[in-house]
Amino acid sequence: MDDTFYITTPIYYVNSHPHIGHAYTTVVTDVLTRFHKLFGADTYFLTGTDEHGQKIVESAAKSGLQPQEFVDRISQEFREMWPHLHIENDQFIRTTDPQHKACVQQILQKIFDQGEIYLKDYQGLYCVGCERFLDEAELEDGNCPDHQTPPQLYKEQNYFFRMSAYQDWLLEELKQNESWIYPGRYRNELIQFLQQPLQDLCISRPKRRLNWGIELPFDENFVTYVWFDALLNYASALDWPEGEKFKKYWPYVHHTIGKDILKTHGIYWPCMLKAAGLPVFKKLVVHGHWIVGGSKMSKSLGNVVDPLAMKDQLGVDALRYFLLRDMSFGEDSNFTEELAITRYNGDLANNFGNLLNRSISMSRNSFEGCIPPLAQIGAEENNIRNIFIQGVETFQEYVQSFQPHRALEHVAWLSSQVNKYIDSCKPWSLAKQPEDRERLGTVLYTALDLTRILVGLLDPVMPEKMSEARKALGLGTEKITFEKLTPGLLESGTEMPEPKPLFPKMKLSAEEKPAEVTQTEKKVSTIPDEKKDWFAFDDFQKMELKVGHIKTCRKVEKSAKLLCSEVDLGEDRLRTIVSGAAEFYSAEEMLNRRVLVVANLKPVKLRGEISEGMILFSDDNGKLVLIEAPEGVNPGVTVR
Ligand code: MSP
């Protein structure tokens, strides 16, 4: 194993808010960094935001903001999100950072001076969602396969990078270096792609069409193509070319990405690096997608799970555990609240949490609140100790081969082995016979000692919970180093505080809400989805839906989001209703609209205003659109 480890996440587009897919990539990268730190490596972990390009300009315009103000806001959201998820990145880069811009220009100039960038007339099909030109062959029914939208036809003069010149070299690299791309099937995909002639890469956008980007150093009429700009963040962050960080970490660079951006990282990026005279990355690790309600979760598809809401429900560390344990690295995986809670209850509450709790409780009860003395160890102890010695090695191999799900599965298995050991040694029976006291001590010591090793292995995934577990074992707050993850190092006689359950059992909330399928084509099915949390017609009847007429509307003071309307519902008074739509509608725009209102929602106070109902909007990935009642329907009419 190298003793230096540099790892990056993709830098996230700031066209909308962070979701659980972004959280997954970042958590995986954080956990891998922490594991390598545990194994003694000098690590560097980079993440950040990708802020140029057409997609961003379009989103900024929709929000009524200038691009800079817009990217500042959303980038800040990403930056602020990560500590909530116990992410400890060393750096957060933004592609609008001046130092990054200078680096991009320097590299472009270098490649241009080498004669590998040229100008030509071009016509191509551009997908704004992907921010790249698509080949005709990639389209499905004329649409981008990822975004289900038709690409735009652009005819313009642009600069091109002679990527085709690197095809043979890249193919050879991919063939020679079996472990370069992980899992291997993504390497096969790239090799397959390179069976067709590789096209040169369009690396500019004319300013008259898009001026939000890094100006080409050799032509002020163009900005740099967003992917050419973004990929270079991995080098610019380390102060390419002369920076100390660059010299130290670049030879060990690993990129974690989702499979959606395999082509840009597996084709464009190595060719760009080669042209710039930089060593290519050490490894590209590619994960699958979280699927919600049958489709990939993404900003563009609109079936998004909010990481903070999930964290509030499950707890940060348990969320991190679930994300890593339930997704076989490289494969797609389903995300549901039910699966997360089942995993939590199975692995954390019943298995590991129970082990920790019962080992501590039994030891405290029989040994005056302390870790028991270890006497003669027998065959069972030798056996389980060996399982652990081997187990730690296996665990390390799984981590180093980028299989965190396997590593955690192995920890769960080790934990269940200790539970079995306890069950077979029956300390509760030993505690009844004074002559078995030594044996009792040995059994409980062994259980606690091995639990300590599990705590050390789980620390990178659940740092806060494992810090609590260390305190519970009387170990203090300091992390357990890797050399100490071997049996027999627990100190007898150490006091342990009264344990509180670390992972109390959790109930599935009544409201399991699978996200909607948003594909354009849906098949009719007469088989009701059994998992869906259907509710009865009688329950629906309880909701009073009415047509309302907005008579007045104003912005709520000191709130960016809230509007306060007075609404006629056909009653003898107007209702006050607060809506979180100020980012999408001005008070004037709301005035006189006929809307749909939930009329019997319990009143609440929002920013000092009493709200007595809810005006309905469609919520397209955070973008609210008012649902209006048909013309001519009077206020107070019931909606069914
Ligand atoms: N800005 C580019 C990356 C440039 S890197 C030089 C980009 N940004 S993104 O905001 O769209 O983020 C893409 C990444 O988010 C994916 O590669 C993946 O890591 C993560 N995910 C987005 N949706 C996801 C899921 N549904 N599931 C898992 N990860 C997902 O592409």
Side-chain angles (χ1 to χ4, degrees), residues 321 325 343-392 394-395 408-459 462 465-466 468-475 480 484-505:
Y321 182 87
R325 170 87 161 90
R343 177 63 72 197
Y344 172 95
N345 284 333
D347 278 17
L348 300 179
N350 296 343
N351 185 354
F352 174 76
N354 181 34
L355 169 65
L356 180 76
N357 227 53
R358 69 175 176 155
S359 320
I360 296 176
S361 301
M362 285 189 282
S363 303
R364 287 185 84 257
N365 291 343
S366 298
F367 293 89
E368 291 87 39
C370 293
I371 296 176
L374 173 69
Q376 186 71 33
I377 61 169
E380 286 118 315
E381 285 72 40
N382 272 326
N383 178 40
I384 193 145
R385 279 182 167 204
N386 286 335
I387 288 178
F388 263 67
I389 293 168
Q390 177 59 49
V392 171
T394 309
F395 176 89
L408 293 184
E409 187 183 22
H410 202 61
V411 173
W413 180 77
L414 289 172
S415 173
S416 61
Q417 294 307 300
V418 191
N419 273 320
K420 276 192 195 150
Y421 162 80
I422 296 177
D423 293 344
S424 79
C425 296
K426 299 191 174 51
W428 46 89
S429 304
L430 297 172
K432 289 182 192 146
Q433 311 295 335
E435 67 272 21
D436 287 337
R437 188 162 173 78
E438 274 197 0
R439 179 78 194 129
L440 174 67
T442 299
V443 170
L444 292 176
Y445 176 94
T446 303
L448 288 169
D449 185 40
L450 299 179
T451 306
R452 173 188 65 87
I453 295 179
L454 297 176
V455 169
L457 295 178
L458 288 172
D459 183 75
M462 300 189 285
K465 286 286 181 187
M466 290 310 108
E468 286 173 40
R470 286 195 298 274
K471 280 189 220 148
L473 287 167
L475 296 173
I480 309 168
K484 298 247 166 85
L485 297 182
T486 184
L489 299 183
L490 192 64
E491 237 175 83
S492 299
T494 310
E495 246 183 78
M496 292 178 293
E498 192 168 340
K500 290 188 220 103
L502 198 58
F503 298 105
K505 246 187 131 141

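Computed from heavy atoms alone, side chains included, the values below leave out hydrogens, waters and symmetry copies.
Ile360 CD1 to Leu448 CG: the interatomic distance, rounded to the nearest 0.5 Å, is 6.5 Å. Note that CE of Met496 and OG of Ser363 are 4.5 Å apart. Values are rounded to the nearest 0.5 Å. In this structure, CD on Glu380 lies 5.5 Å from OG on Ser424, to the nearest 0.5 angstrom.
Between the Glu381 side chain and the Gly378 main chain, a donor and an acceptor come within less than 3.5 Å of each other. A donor-acceptor pair under 3.5 Å is formed between the side chain of Arg452 and the backbone N or O of Thr486. Side chain of Ser492 to backbone of Pro372: a donor-acceptor contact under 3.5 angstrom is found.
Asp423 and Arg358 are joined by a salt bridge, as a carboxylate oxygen and a charged side-chain nitrogen come within less than 4.0 angstrom of each other.
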Can you list the steps and then say if Met466 with Leu502 is a side chain to side chain contact (heavy atoms under 4.5 Å, CB included)?
CA-CA 9 Å; Met466 290 310 108; Leu502 198 58; 4.2 Å; yes
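Within 6.0 Å of the CD atom in Glu491, the count of heavy atoms belonging to other residues, nucleotides or ligands does not exceed 12.
Side-chain polar atoms of Thr442 and Glu438 form no donor-acceptor pair below 3.5 angstrom.
Both the sub-6.0 Å distance and the 45° axial angle are satisfied by Arg437 relative to the ring of Phe367.
Not counting sequence neighbours, the partners of Asn382 by the side chain to side chain contact (heavy atoms under 4.5 Å, CB included) test are Ile377.
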For residues 408-418, tabulate all N or O donor-acceptor pairs below 3.5 Å that involve a side-chain atom, not counting sequence neighbours.
unit_1	atom_1	unit_2	atom_2	d
Ser415	OG	Asn351	OD1	2.6
Ser416	OG	Ala412	O	3.4
Ser416	OG	Trp413	O	2.7

